[in-house]
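Just below is one structure, and these are the notes that go with it.
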Amino acid sequence: MARPYFCACDHQNLVSTHFPYVEDVVFRRLEGPPDDGFDCGRAEQTMFLYECALADQEAQLSVTHLYYVQGILGAYATVCMDALPLGRREREPAMRFQEIGALKLAQLGVSLRFQGMGLGRFVVGDVISRARSESERVGCRYVTLDAQPDLVGWYERLGFQRNRLRQDRRLQDARANARDPASIPVSMRYDLRG
Amino acid sequence: MSYRRTPPLSEEGSREVLEELANPPRDAPERRATEKLVRLAQALRERQGATEPLGLKR
């Protein structure tokens, strides 16, 4: 039987004699300083892994998961709790909630050497899987994230949609502070109900 | 007396979420492909015994 590729598209079941296979991934939780040499091509995300991830985890602000591929650190994902607000004025009187529980994919980095192989999509799928498992213990309806503007299309192709709720406020803030609205991250969500 | 006026959130966005809360998300090819990856990841974690949802187990 063919081993599954990362890609969940038509060529998922093609037999291949080379990397990448899903079975090559080993899950780890960040337990100490990450291995040297990880570079995802985005300075902010690479720096976060080396300078902030462990400290944030020890402060119980977030948890970072590592994805090893054939023994090499291929990707990481940092998650924390979140809540999606509903507008007070816009909320229907019967709606009892001001915020909807969510798990936030706070950081995602894929090593340059594994980009374009579907590892990033697999990591997002894993985060959704974990959020869904967690939703059985605590209320959690969405996976949320703040996408860099150039990655919005990539997340949309994974089924995420833009949070107009949050983004409107961010745009207002950006304009008020003379920042370029096109440069601010885009709030997005994935509905876990399915 | 001072106060800060909180700008309203998007009416359209709130309505969108309210409708979503009442109904499951619409079926779309993007979601189907992602859900396939979700199942692959879940199955792999189960095989590796790494299923603790938020990785809290050391």
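Just so it is clear, the model here is predicted, and its values are computed rather than measured. Below, read A as the first sequence line, B as the second, and so on, with proteins coming before strands; counting in each chain starts at 1.
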Task: Contact class of B/Gln42 relative to chain A, heavy atoms under 4.5 angstrom - done: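 Both parts, backbone and side chain.
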TODO: Below 4.5 Å from any heavy atom of chain A, which atoms of B/Asn23 appear? Answer side chain, backbone, both or neither.
DONE: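 The backbone, not the side chain.
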Open item on the list: Are A/Tyr142 and A/Tyr190 an aromatic pair, judged by ring center distance below 6.0 Å?
Closed with: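 Between A/Tyr190 and A/Tyr142, the centre distance exceeds or equals 6.0 Å.
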Task: Any donor-acceptor N/O pair, A/Gln115 side chain to A/Cys40 backbone, under 3.5 Å - done: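 Yes, the answer is positive, given that a donor and an acceptor are paired below the 3.5 Å cut-off.
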- [ ] Under 4.5 Å, counting heavy-atom pairs only, tell me which of A/Arg157, A/Arg132, A/Gln161, A/Arg141 racks up the most with chain B.
- [x]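 Between A/Arg157, A/Arg132, A/Gln161, A/Arg141, the count favours A/Arg141.
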TODO: Quick one: sort the A/Tyr76 and A/Phe38 rings into parallel, tilted or perpendicular, breaks at 30° and 60°.
DONE: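 If you compare the ring of A/Tyr76 with that of A/Phe38, the planes turn out perpendicular.
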Where on [X] is there a heavy atom nearer than 4.5 Å to chain B: the side chain, the backbone, both, or neither?
{"X": "A/Tyr155", "result": "neither"}
{"X": "A/Val26", "result": "both"}
{"X": "A/Gln167", "result": "neither"}

Open item on the list: Taking atom CZ as the centre, does A/Arg28 end up with more than 12 heavy-atom neighbours from other residues, nucleotides or ligands that are less than 6.0 angstrom away?
Closed with: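 Counting neighbours around CZ of A/Arg28, 12 or fewer heavy atoms of other residues, nucleotides or ligands fall under 6.0 Å, so no.
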TODO: Taking the side chain as every heavy atom from C-beta outward, state whether A/Cys140 and A/Glu134 have any atom pair closer than 4.5 Å.
DONE: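 When only atoms from C-beta onward are counted, A/Glu134 and A/Cys140 do not touch, as no gap falls below 4.5 Å.
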Task: B/Asp27 vs B/Arg31 side-chain heavy atoms within contact, under 4.5 Å - done: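 Answer no - side chains too far apart.
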Open item on the list: Quick check for you: among B/Glu20, B/Arg39, B/Glu35, which has the greatest number of heavy-atom pairs under 4.5 Å with chain A?
Closed with: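 The candidate making the most pairs under 4.5 Å is B/Glu20.
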